[in-house]
Structures are given as structure tokens and as C-alpha cells.
A.B. asks: 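Please read through the structure below; I'll follow up with questions.
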Amino acid sequence: MKAHKGPFRLVLLLVLIVSFIIGTGINKKTLAKQADTADICLECISVGQCLECHDEINSGTFAASAHGANACTSCHRDIWDLEKHADCEVPMQPVNCGFCHRDEAKQYAQSVHVDNDVKCTDCHANIHDLVSFKDDKSKSVQMCSGCHDNAEYMQSVHGKGLVAGNPDSPSCADCHGLHNIIELKVDDKKSARALSANEFRTASCEQCHDNEEMMTRNNLSSHSYKSYRQEYHGKVEHLGGAVAVAGCADCHTAHKQLPASDPESSLSAEGLVATCGKCHKQANSNFVKYAPHATHHDKEKYPILYWTFIAMTGLLCGTFAIFWLHTIFWLIRSYIEKNKLRRQGIFHESHNPKVFYRRFTFMEKVLHFMMMVSFLGLVLSGLPLKFVDAPWAIGLAQILGGPQMAGIIHRWCAVLTFTYFIITVVWSGYFLLIKPTGENFFQKLFGPDSLFPRIKDGQDIAGMCKWFIGAGEVPKFDRWTYWEKFDFLAVFWGMFAIGFTGLMLWMPEFFAQFMPGWAFNVAIIVHSDEALLASVFIFTVHFFNAHIRPEKFPMDQVIFTGVISGHEMEEERPMQFARLKEKGMLDKFKAQYPGVLSEAIGQIIGITGVAIGVLCLFLIIWGFLG
């Protein structure tokens, strides 16, 4: 068997060779021709062979170019037979640059140049002697100037810096890129392309003006970009509303950036009104005194903003320090007192458990509902702006329908706030001036049914402090406690601190007719910090007083049902109970507990409100810690 293996293998090998030759169509004549010439082999066609005919190309220049290391057929891949090409049987086809430049081709395919039928060779016209730009930024300016007017750019601080040889001065390509050039004039303002175009007006400036090292090297402030991000326009832009606000290029122009001292600058004293007037049609000399890049951290340059911030910070810290301590002491003492009663088997000190009295009228319940809805709406829609850098800010803004819709929600809630405030003022005026009670104005103002502070409130505060430390009994309260009066009167302060400043920021052109622009910088600080104070106070102190303290946990429904049980009135409002009993008016205040539907609606509203408040408090804490 071994003697026959050699001849068998030889025959098999010869069969395979013949089959390969026949199958591939390579006959003896073709093999001979391929042995004589290398014209068909793409890798074998030399540059010199091409230049024998294409003498318009300088061999030395091409060899030194960016493509000099390539063969002609690296780009002209359709030329595989020189003889047929020379005889015009194989015409030259357009070159596909993307065969080598894949990433650039992908960027170019999505650029505005494709939409306008701008080819690679329209920019890279000198393709056979093209050299790398390397660090010569002027070459990209020259290239773009073939189609685009560069007059404004050459007048700008950027153009002048480039001519002077400053390597940090941006060229066209530094801002617009080389191949991923997007369309900046988009008519459909609701489209994704319009959003990208408007975001570009700011993003293109970020890479330099947010570079602290570069800014320091050029004696410029790196604060400008950071301050824009913390200002209203920058915050809305960051949240996805670039189409609704001005970006860097809208104020500083796209190409003619000049110092404010230059009369032709868009930021000059003469040009600012026109610049702001592009968006704010009624802008005047007062309006343009608003400082978009001001910071309250700079005491020397912006002392008014600095001290406003200090005052507001002091107000926040002082308020929280007092009321959080009050809450903590109350919580501890409540647990101690309730534990004492429970160890005795007493859960309600009551002799009148089945009687209910009217605590709030229908109007008061409606006003509270309006206040609750508007307040929660204001907080939710304002949080993304307040904590714009928080990881949840963009998501919350999008849940609300985007920053523009969040702004609309915020303003409608503000309208609801002003509505219930006006109703409250009118209602209070009616009580003090018109309602017949047999009392004069001052008796009503300082009487037990009034929410105006009186001497007894100071006594109650002192009594509560003694009770906190176990040195006395709980004060005997009348219809309104001192913390309820504080909540009520805080609305009046809030309407000035938050409401008035909110109106200023809502209608700046109107208020700029009689107020200086820097007042809007102050309004931003006051509005933001006072809103934070109100939010945290309501979601911590008020929620504890009304719902979370042991006596009321998990929720006090009295504001939704409008009635209070007899034992609660005796325990919590003993002076009101005794006063009404002495006057024989208790029966007048007796009321029926609401039906199942009314109770269920009240519970749903209350639980929803508390849940949203706790969520907002969580987001605020996350925003500070994040």
C-alpha cells in the first residue's frame, strides 16, 4: 500500500492544478501576458507611470504632500488597466475620500455642506499638493474664505489675535469644526436641528472660555462662561431650552467680537440697547444696566449683590436654626409625654369624643387648596433652575414638558398665588372693617379670632419653651397658635420677597422703565433664596407642625374635612373651647363629620400633597449634596 501512495498523490495534485486554471479562466496566453507586464496590478502601477500623461501634477510637490506616500490608485481605484485608461476605455470616476477618511466622511455626511452640495475638493481644491494644516490656523481661515466672507472675523479680537500669531486665537475650524459643520439658520424652531444650532452658539465658546489656564494665559476671566451657566439664560440653555434664550453669540455676535470700549462692539454703551432689543423689544438704558455675568461672590466689584446674598443667607440660617430647634425639642417632648400616658393606658384625655366642631369654613378650605396647589407647582417648576447642575434637573424639566413649559407652569402658579393672596387681603379687610361682631377695629385686630400677633403669643412661646425642658405645662391655646400665625403672616412677607421679585423677573422691560438694571440682579438673589427658605420651611417645619408630630402622625385632615373632634378642641384649643362654652356658642359650631366621598377626596389630596412635598425636599437635599 505504501508503494502506491506517491503516484496517487501526484495524479491528484495535477487534477487540482488543471481544475484551478480552467475554473479561473486563466489560460496560457493570459499567464504569459501577466508575466510580461504588471499593468493590471493596482499596487504595481507607479506614480511615475501616471505622471507620464498627467504632467499638470508636479511630482516633487505631490511627493511632499499629505498624500505623497500613496499611489495614485489609492484614490483612483477605478483605474485598473492603464492601457484601457489611456485609450479612454476606462474613464476616471469621482474619488471616494471616505474609503480612507472614514470618520471624516461620517461627519461630512451629516454636515450642512452635504445639503449645499459642497464636495471635498471644493475645500481641498489643491488635492495633489495638499499639506497638513498642523498648527497653522490661518490655512483653515483661507480655505473657508473661499466661500464665506471673513471681513467681520478679521476685525474681531479673534481674527486680530490670529494674525498677530496668538496660537490661542480661534480659527473657523476651532469653532465650527472641519467636517461636522451644522446648519445654524433653521426656520423650524421646534426641530432638533434648531436646538442643536442654538446650543452651538454657546457650546462653541465653552472649549476656550471655560479653560482657566488658557484664559489666564491671555489675561481674560474664566468667570464669564461659568457665570453664564449660573444665570437665567445659561440655565435654560443647559436644561434644553436653547431655542428660547440668548447664547454667547447672540449677544457677543458670531464673528465680530470686540471689546466693549470699541464703538462698533455689540456690547458698547451705544450698542447694548440694540443688542438686548433683539429679544427684549422695549429694552432701554435702564434695562442694559443688568449685569449678566455678575457674581455675588465678588465683594469689591459687586458690593450690593454681595451684601444682599449675605443678608439672605443670614435670614435662611437664622430662620432654620430657630424653627428646627423648636421642632426637635417639640418632637422629643411629645414622645416623652405620650409615652407617659400610654404607660397609664390613656390614649385620649377626652370626655367629649363623639362631637365635632367646625374649624375651617368652606372658603378657608378653598384658599388652602389654592395655596397648596400653587406652592407645589411653583416649587416643582422652579427646582430645575435653582439646582441646574443637579443630576435630576434636566430630567425633571423634561417631565414638566421642557424648561419653556416649566416656565409657563411657574407663571400660572404665580397667578394662582396672587389670586388667593388678593382674596385673603379682601377677606381680612372685610373681617376687620365690615363684619358685624360687636367689636371695634382694634378689638378685632388683637382679638382671639385674629391672626395678628398679640402679647399672649409671646407668652405662649415662653410657655412652650418651658414645656420643652419639662419646666411647665403646655400653654392653653385659643383659636390660633403662634406657629399658625407665623405661617399665615409669612405669606405677606413672601408676597413681597418672592412675589414682587418674581414679577420683576417676569416683566423686566416694564420694571426697567423706572428701576435700574442692577435691581434685577438683586431680585434674582432674593427670589431664589426666599423661595428656598419657603420650600424647606414648609416641607420640614410646617409638615411637622401639621402632620408629622406624634400627636398628628401620619396626617392631620382638619384642613380638608374642616372639622375638629371634641376631644382635640378641648386638648389643643382649650381657651377657644372655654370661651365659646361661656358665651353659649358651642352648639353653633357643632358640625357633622364629612361623608365617605368627601373624606376620601380629602385624604387623596392630602397624601398627594405631602408625598410631593417630601419628594421636593429629597431633591433639594440631593441638589445641595450633589
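The figures here come from the full heavy-atom set of this structure, side chains too, leaving out hydrogens, waters and symmetry mates.
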A.B. asks: Fit a plane to each ring of Phe320 and Trp324, take the angle between them on a 0 to 90° scale, and name the class: parallel (under 30°), tilted (30 to 60°) or perpendicular (over 60°).
C.D. replies: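 Rings of Phe320 and Trp324: parallel, as their planes differ by under 30°.
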A.B. asks: Mind checking whether Phe287 and His280 have ring centres under 6.0 Å apart?
C.D. replies: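 That pair passes the under 6.0 Å test.
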A.B. asks: Do the side chains of Met372 and Ile605 get nearer than 4.5 Å, heavy atoms only?
C.D. replies: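 Contact flag for Ile605/Met372 side chains = yes.
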A.B. asks: Given the rule in the salt bridge (charged side-chain N to carboxylate O under 4.0 Å, His left out) test, do Glu237 and Arg201 qualify, once you have shown the distances and angles that lead to the verdict?
C.D. replies: CA-CA 10 Å; Glu237 193 272 346; Arg201 298 171 185 269; over 6 Å; no
A.B. asks: For the aromatic rings, using the six-membered ring if either is Trp, is the centroid distance between Phe369 and Phe560 under 6.0 Å?
C.D. replies: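 No, too far apart.
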A.B. asks: Crowded around Phe442 CZ? As in, over 12 foreign heavy atoms under 6.0 Å?
C.D. replies: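 No, not enclosed.
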A.B. asks: Which is it for Thr501 and Phe520 under the side-chain contact (heavy atoms from CB on, under 4.5 Å) test, yes or no, and what are the steps along the way?
C.D. replies: CA-CA 8 Å; Thr501 55; Phe520 299 105; over 6 Å; no
A.B. asks: Apply side-chain hydrogen bond (donor to acceptor under 3.5 Å, both in side chains) to Asp460 and list each qualifying residue two or more places apart in sequence or on a separate chain.
C.D. replies: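 Partners of Asp460 by the side-chain hydrogen bond (donor to acceptor under 3.5 Å, both in side chains) criterion, ordered by chain and then number, come out as Lys456.
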A.B. asks: Passes side-chain contact (heavy atoms from CB on, under 4.5 Å), Tyr430 versus Val426? Steps please.
C.D. replies: CA-CA 6 Å; Tyr430 168 76; Val426 173; 5.6 Å; no
A.B. asks: Do Arg479 and Arg573 have side chains that get closer than 4.5 Å, going by heavy atoms?
C.D. replies: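 Not touching, per the 4.5 Å side-chain cut-off.
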A.B. asks: A side-chain contact here means heavy atoms from C-beta on lying under 4.5 Å apart; do Thr481 and Glu484 qualify?
C.D. replies: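 Side-chain contact under 4.5 Å: yes.
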A.B. asks: Not counting sequence neighbours, which residues clear side-chain hydrogen bond (donor to acceptor under 3.5 Å, both in side chains) with Arg454? List them please.
C.D. replies: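 Listed in chain order: nothing, the list is empty.
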A.B. asks: Should the heavy atoms of other residues, nucleotides or ligands under 6.0 Å from CD1 of Ile455 be counted, would the total exceed 12?
C.D. replies: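 Counting other residues, nucleotides and ligands, CD1 of Ile455 stays at 12 neighbours or fewer.
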A.B. asks: Using a cut-off of 6.0 Å, state whether more than 12 heavy atoms not belonging to Met363 lie near its atom CE.
C.D. replies: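 No, not enclosed.
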A.B. asks: Can you name the nearest heavy-atom pair linking Glu599 to Pro594, along with the distance?
C.D. replies: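 Between these two residues, the closest heavy atoms are N-CB, 4.4 Å.
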A.B. asks: Does the ring center of Phe477 lie less than 6.0 Å from the ring center of Phe577?
C.D. replies: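 Aromatic pair excluded; centres sit 6.0 Å or further apart.
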A.B. asks: Give a yes or no on whether Tyr335 atom OH has more than 12 heavy-atom contacts from other residues, nucleotides or ligands under 6.0 Å away.
C.D. replies: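 Open: at most 12 neighbouring heavy atoms sit under 6.0 Å from OH of Tyr335.
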A.B. asks: Might you work through the side chain to side chain donor-acceptor pair (under 3.5 Å) test for Tyr290 and Glu231, ending with a clear yes or no?
C.D. replies: CA-CA 12 Å; Tyr290 167 70; Glu231 193 261 351; 2.6 Å; yes
A.B. asks: Is it true that a side-chain atom of Asn198 and a backbone atom of Ala194 form a donor plus acceptor pair closer than 3.5 Å?
C.D. replies: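 It does hold such a pair.
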A.B. asks: Is the distance between the ring centroids of His567 and Phe356 less than 6.0 Å?
C.D. replies: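 No, the ring of His567 stays outside the 6.0 Å limit from the ring of Phe356, centre to centre.
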A.B. asks: Taking Lys226 first and then Glu206, would you say they form a salt bridge - that is, a charged N and a carboxylate O separated by under 4.0 Å?
C.D. replies: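 Judged by the 4.0 Å cut-off on N to carboxylate O distance, Lys226 and Glu206 do not form a salt bridge.
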A.B. asks: Among Ile524, Leu505, Val388, Leu385, which residue satisfies the side chain to side chain contact (heavy atoms under 4.5 Å, CB included) criterion with Tyr232?
C.D. replies: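 Result for side chain to side chain contact (heavy atoms under 4.5 Å, CB included) with Tyr232: Leu385.
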A.B. asks: Would Phe468 and His326 count as a close aromatic pair, with their ring centres under 6.0 Å?
C.D. replies: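 Yes.
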A.B. asks: Specify the closest pair of heavy atoms between Thr202 and Gly247, including all atoms of both residues, with the distance to one decimal.
C.D. replies: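 Scanning both residues completely, I find the closest heavy atoms to be OG1-CA, 3.3 Å.
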A.B. asks: State, yes or no, whether a side-chain contact exists between Gln230 and Asp389 at a heavy-atom distance under 4.5 Å.
C.D. replies: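 Yes - at least one pair of side-chain heavy atoms lies under 4.5 Å apart.
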A.B. asks: Do the side chains of Ile394 and Pro384 get nearer than 4.5 Å, heavy atoms only?
C.D. replies: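 In short, these two side chains do not touch, never coming nearer than 4.5 Å.
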A.B. asks: Side chains of Ser334 and Glu337: any donor to acceptor distance under 3.5 Å?
C.D. replies: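 There is no such pair between these side chains.
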A.B. asks: Measure from the ring center of Phe511 to the ring center of Phe500 and say whether it is less than 6.0 Å.
C.D. replies: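 Centroid distance Phe511-Phe500: below 6.0 Å, so yes.
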A.B. asks: Any heavy-atom pair between the side chains of Met464 and Ile461 that's under 4.5 Å?
C.D. replies: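 No, their side chains stay 4.5 Å or more apart.
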A.B. asks: Show your reasoning for whether side-chain contact (heavy atoms from CB on, under 4.5 Å) applies to Phe360 and Ile564.
C.D. replies: CA-CA 9 Å; Phe360 296 109; Ile564 184 174; over 6 Å; no
A.B. asks: Tell me whether Gln344 at atom CD has more than 12 heavy atoms from other residues, nucleotides or ligands lying less than 6.0 Å away.
C.D. replies: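 Buried by this count: over 12 neighbours within 6.0 Å.
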A.B. asks: Under 3.5 Å, side chain of His293 to main-chain N/O of Ser227, donor-acceptor pair present?
C.D. replies: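 Flag not set: sc His293 to bb Ser227 has no pair under 3.5 Å.
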A.B. asks: Should the pair Arg193-Asp188 be classified as a salt bridge under the 4.0 Å nitrogen-to-oxygen rule?
C.D. replies: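 Salt bridge flag = no for Asp188 with Arg193.
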A.B. asks: Could you give me the CA-CA distance, side-chain angles and deciding distance for Gln513 and Gln282, then say whether side-chain contact (heavy atoms from CB on, under 4.5 Å) is met?
C.D. replies: CA-CA 9 Å; Gln513 294 179 28; Gln282 299 179 16; 4.1 Å; yes
A.B. asks: Is there a donor-acceptor pair closer than 3.5 Å between any side-chain N or O of Trp480 and the backbone N or O of Asp449?
C.D. replies: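 Looks like yes, one N/O pair under 3.5 Å.
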A.B. asks: May I ask you to check whether Phe492 and Phe421 place their ring centers less than 6.0 Å from one another?
C.D. replies: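 Ring centroids of Phe492 and Phe421 are less than 6.0 Å from each other.
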A.B. asks: Measure from the ring center of Phe544 to the ring center of Trp330 and say whether it is less than 6.0 Å.
C.D. replies: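 Close enough - the centres of the two rings lie under 6.0 Å apart.
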A.B. asks: For Met371, what residues pass the side chain to side chain contact (heavy atoms under 4.5 Å, CB included) criterion, not counting sequence neighbours?
C.D. replies: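 Checked Met371 against side chain to side chain contact (heavy atoms under 4.5 Å, CB included); matches are Tyr420, Val491.
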A.B. asks: Rounded to the nearest 0.5 Å, how far apart are OG1 of Thr417 and CG of Leu378?
C.D. replies: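 Answer for the OG1-CG pair, Thr417 versus Leu378, is 4.5 Å.
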A.B. asks: Mind checking what makes side chain to side chain contact (heavy atoms under 4.5 Å, CB included) contact with Ile607, not counting sequence neighbours?
C.D. replies: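 Partners of Ile607 under the side chain to side chain contact (heavy atoms under 4.5 Å, CB included) test: Met555.
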A.B. asks: Just to verify, what does Leu580 make a side chain to side chain contact (heavy atoms under 4.5 Å, CB included) with, not counting sequence neighbours?
C.D. replies: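 Checked Leu580 against side chain to side chain contact (heavy atoms under 4.5 Å, CB included); matches are Met569, Gln576, Met585, Leu586, Phe589.
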A.B. asks: Side chains of Arg549 and Asn545: do they bring a donor and an acceptor to under 3.5 Å?
C.D. replies: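 Side-chain D/A pair, Arg549 to Asn545: absent.
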A.B. asks: For Lys386 and Ser528, does a side-chain donor sit closer than 3.5 Å to a side-chain acceptor?
C.D. replies: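 Yes, a side-chain donor-acceptor pair sits under 3.5 Å.
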A.B. asks: My understanding is that only residues two or more places apart in sequence, or in another chain, count here; which of them pass side chain to side chain contact (heavy atoms under 4.5 Å, CB included) with Ile310?
C.D. replies: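 Once residues adjacent in sequence are excluded, the partners of Ile310 under the side chain to side chain contact (heavy atoms under 4.5 Å, CB included) criterion are Tyr306, Trp307.
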A.B. asks: As a test of understanding, state which of Trp483, Phe375, Phe543, Phe323 forms a ring-ring contact (aromatic ring centres under 6.0 Å, His included) with Phe537.
C.D. replies: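 Of all the options given, the one that passes is Phe323.
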A.B. asks: Please determine if Asp478 and Arg579 form a salt bridge, counting it only when a charged side-chain N lies under 4.0 Å from a carboxylate O.
C.D. replies: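 Looking at Asp478 and Arg579, the cut-off is met.
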A.B. asks: Side chains of Asn284 and Glu509: any donor to acceptor distance under 3.5 Å?
C.D. replies: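 No pair is found: no donor N or O on one side chain lies under 3.5 Å from an acceptor on the other.
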A.B. asks: In the structure I gave you, are the side-chain heavy atoms of Asp298 and Glu300 within less than 4.5 Å of one another anywhere?
C.D. replies: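 The answer is yes; the side chains approach within 4.5 Å.
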A.B. asks: Looking at Arg333 and Glu551, is any side-chain nitrogen of the basic one under 4.0 Å from a carboxylate oxygen of the acidic one?
C.D. replies: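 No.
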A.B. asks: Is any side-chain heavy atom of Val563 less than 4.5 Å from a side-chain heavy atom of Val558?
C.D. replies: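 A side-chain contact under 4.5 Å is absent here.
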A.B. asks: Surrounding CZ of Phe488 (heavy atoms of other residues, nucleotides or ligands, distance under 6.0 Å), is the total greater than 12?
C.D. replies: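 More than 12 heavy atoms, drawn from other residues, nucleotides or ligands, come within 6.0 Å of this atom.
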A.B. asks: Is a donor on one side and an acceptor on the other found under 3.5 Å between the side chain of Lys444 and the backbone of Lys435?
C.D. replies: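 Yes.
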A.B. asks: Please check if any side-chain donor atom of Trp427 sits under 3.5 Å from a side-chain acceptor atom of Glu364, or the reverse.
C.D. replies: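 No - no donor-acceptor pair under 3.5 Å links their side chains.
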A.B. asks: Tell me whether Glu568 is salt-bridged to Lys552, with the criterion being a basic N under 4.0 Å from an acidic carboxylate O.
C.D. replies: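 So Glu568 pairs with Lys552 through a salt bridge.
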